[in-house]
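Quick note: numbers below take in every heavy atom, side chains included, and nothing from hydrogens, waters or symmetry partners. Just so it is clear: chains get the letters A, B, ... in the order the sequence lines come, proteins before strands, and each one is counted from 1.
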Number of protein chains: 2
Amino acid sequence: MSAARAAHPQGDPDRAGLPDAVLRPVRGHHAFEACVEQLATAIRLGVYPRGTTLPPERELAARLQVSRATLREAMAALRQAGLVATTRGRGGGTVVTLEPRTPSARRAARTDPATRRDRLDALEFRRVVEPGAAALAAGVPLDDAARAQLEEAHDAVRSATRPADHRQADSRFHLTVATLTGSPRMVEAVTSVQATLHEMLLAIPVLPTNIAHSDRQHAAVVRAILAGKADHARRALEEHCDDTAALLRGLVG
Amino acid sequence: MSAARAAHPQGDPDRAGLPDAVLRPVRGHHAFEACVEQLATAIRLGVYPRGTTLPPERELAARLQVSRATLREAMAALRQAGLVATTRGRGGGTVVTLEPRTPSARRAARTDPATRRDRLDALEFRRVVEPGAAALAAGVPLDDAARAQLEEAHDAVRSATRPADHRQADSRFHLTVATLTGSPRMVEAVTSVQATLHEMLLAIPVLPTNIAHSDRQHAAVVRAILAGKADHARRALEEHCDDTAALLRGLVG
DNA sequence: GTCCAATGGTCTGAGTCCAGACCATTGACC
DNA sequence: GGTCAATGGTCTGGACTCAGACCATTGGAC
C-alpha cells in the first residue's frame with residue numbers, strides 16, 4: 001500500500017484543480033427549504049400563473065419525492081409569504097395568489113460577491129444551454145400540440161401589456177422552448193438559469209425599446225424552430241442571450 | 001377568491017406540460033447516498049486516480065457541506081466496496097485503491113427503460129454542453145497553468161496504453177475542458193454527463209480505430225481552444241460527440 | 001527519543017425528515 | 001337533500017443528519 005500512496009497536496013499537482021471543481025455541495029440538507037425554493041421559483045417564473053391551483057399535496061409530494069409532512073411545511077411557508085392560499089374540501093386546494101413583481105430599478109442594491117459570481121456564471125451558462133436547446137428543439141419532430149404550445153407561449157409574451165406579466169411570459173417562453181427538446185437535463189438547466197435571470201431582470205426597468213427588440217428575437221427563434229432550422233434557431237437565441245446579457249452585466253458589475 | 005380559481009386539470013390546458021417538466025425531485029433524501037455517489041463518480045472518472053489520497057475527512061465534509069459523521073458513513077461504504085483504503089495517523093488518510101475498469105462487451109446487459117431514457121438524454125444534453133464548454137474555453141484568456149493543464153490532460157489520453165487508463169484519461173480530459181471555462185454550472189453539467197457516458201463506454205469494447213479517431217478529434221479541440229478559435233472548438237467537439245453517440249446509440253437501443 | 005500536529009475514530013443530544021394512518025371539511029354528484 | 005370522493009389537517013414512532021467535542025494513532029520535526 002505504501003507504494004500506491006501519493007499524498008494529495010503534492011501528488012500530480014497539475015491535476016489539483018479538477019477535484020476542486022468537480023466536488024460540489026451535496027443537496028441543501030433541508031428538504032423543506034429545497035421544496036420552498038423550487039415551488040417559489042416555479043410560481044415566480046409563471047409556471048403556475050396567478051389564479052391557478054397547484055396539484056394536490058399528495059401528488060406534489062410524490063413528484064418532489066418528499067414526504068407529505070415536509071411538503072406541507074413548505075406550503076405553510078409559501079402561504080405565510082403570501083404566494084399561495086389554501087382551501088379545504090373537495091374542489092379545494094392551494095391557489096397561487098402572488099401578484100407578479102414589476103421590474104423596477106429601485107432594487108439595484110448591493111450584491112455580495114458570491115451572488116455576483118453566480119449571476120455572471122448564469123449568464124455564461126445560459127449562452128450555451130438555451131441556444132443549444134433551441135437547436136435541439138428545431139431538430140426534433142414536433143407534433144401539433146407542441147407547435148401550438150410554442151406559438152401560444154410566444155403570443156403570451158407579445159400580448160402581455162403589464163411589465164410584470166411580460167416578465168413571467170418571457171420566462172415561460174424560454175422554459176417552453178426547453179420543454180420541446182424533451183430532455184429533462186435541458187429543462188433543469190434552463191429552469192436554473194431562468195430563475196437567476198429572473199431575479200436580475202426584476203432589478204432593471206422595462207424599456208419599450210428593449211421589449212420590442214426582444215420580441216423580434218423571440219419571433220425569429222420561433223420561426224426557426226418551427227421551420228426545423230437548427231442553426232438559425234441557435235444563432236437567433238445566441239443573439240438574444242448576448243443582448244440580454246449586455247443589458248444585465250452593467251447591473252451585476 | 002372564487003373568481004381567481006382555475007382548477008389545475010382544466011385551467012390553461014396547453015400550459016399543462018410545463019409544470020410536469022419543471023418540477024423535479026428534490027435531491028436524494030439520504031445525504032450519505034449522495035456523498036457516496038459523488039465520490040464514487042469522481043474516483044471512477046479518474047478525478048482521483050488510483051494511488052492518490054483523498055482530502056482529509058474534515059475538508060471533504062466541508063466541501064460537500066455535510067457533517068463529518070455523514071461523510072464518514074459514505075467513506076465506510078466506499079471502503080467496503082473496495083474503492084478506497086484508509087490509514088490513521090499523521091500522513092495517513094484515505095487512498096484510492098480502485099483498479100480502473102476495463103471496457104468490455106460482456107456487460108451489454110438488459111437496461112431498464114428509465115436507464116435507457118436517461119442515457120439517451122445524457123447523449124443529447126452532452127451534444128449541447130460539451131461543445132459549448134469548448135467554445136467558452138476558447139473565448140476565455142487562459143494563463144500558462146491552464147494551457148499546460150489542458151495539454152497534459154490531452155497527453156495523458158494519447159499516451160495511455162491500457163484501455164482502462166485510456167477510459168479514465170478521456171473522462172479527465174473532457175472534465176478539464178469544462179474546468180477551463182471557470183463556470184461551476186458548466187463543470188457540474190459536464191460531470192453529470194460524463195458519469196453517465198462512462199457507464200456506457202465501459203460496456204463496449206475498445207477498438208484501436210476508434211481510439212485513433214477520437215484522439216485526432218481531441219487534438220483538434222485542444223488546438224482550437226489554445227488558438228482561441230471558439231467556433232472551431234465547438235465544431236470539433238460536436239463532431240466528437242456525434243461520433244461517440246453513434247457508437248453508443250446502438251448499445252443503448 | 002520526545003513532542004506534537006495531522007489524521008482517522010467515537011460519542012451525544014437536538015433537530016429534521018419520513019411513512020403511513022387517521023381526522024375534518026367541502027362541494028360534486030345523484 | 002344525502003352521499004361520498006377529494007382535498008387539506010394532524011399525529012406518532014422511528015430513522016437520518018447535524019454540530020461539535022473528545023479519543024486514538026501515527027509519523028515528522030527537532
Novice: Quickly work out the B/Glu59 CD to C/dT7 C1' distance and round it to whole Å.
Specialist: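 Value for this atom pair: 12 Å.
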
Novice: List every contact pair, protein side and nucleotides 8-12 of chain D side both N or O, where the distance is under 3.5 Å.
Specialist:
unit_1	atom_1	unit_2	atom_2	d
D/dG8	OP2	A/Glu57	N	3.0
D/dG8	N7	A/Arg58	NH1	3.1
D/dG8	N7	A/Arg68	NH2	3.4
D/dG8	O6	A/Arg58	NH2	3.1
D/dG9	OP2	A/Arg72	NH1	2.5
D/dG9	OP2	A/Arg72	NH2	3.3
D/dG9	O4'	A/Arg88	NH1	3.1
D/dG9	N7	A/Arg68	NH2	2.7
D/dG9	O6	A/Arg68	NH1	2.9

Novice: Given side chains that start at C-beta, do those of B/Thr181 and A/Val128 come closer than 4.5 Å, heavy atoms only?
Specialist: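 No; the side chains remain at least 4.5 Å from each other.
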
Novice: Distance-only, no hydrogens or angles: does the B/Thr97 side chain make a donor-acceptor pair with backbone N or O of B/Leu83 under 3.5 Å?
Specialist: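 Indeed, once roles are kept as given, a pair shorter than 3.5 Å links the two residues.
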
Novice: Considering non-hydrogen atoms only, spot the tightest contact between B/Gln194 and B/Leu45 and give its length.
Specialist: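 Reported closest heavy-atom pair: O-CD2, 3.8 Å.
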
Novice: Does any part of the side chain of B/Thr196, heavy atoms only, come nearer than 4.5 Å to the side chain of B/Asp121, both counted from C-beta?
Specialist: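 No; the side chains remain at least 4.5 Å from each other.
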
Novice: Tell me: CG of A/Leu71 to P of C/dC17, nearest whole Å?
Specialist: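 These atoms are roughly 12 Å apart.
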
Novice: If you apply the rule side-chain hydrogen bond (donor to acceptor under 3.5 Å, both in side chains), what do you find for A/Arg172 with A/Thr176, and how did you get there?
Specialist: CA-CA 6 Å; A/Arg172 274 209 310 270; A/Thr176 301; over 6 Å; no

Novice: Please state how far atom CD in A/Glu73 lies from atom P in C/dG15, giving the value in whole angstrom units.
Specialist: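 The answer, rounded to whole Å, is 14 Å.
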
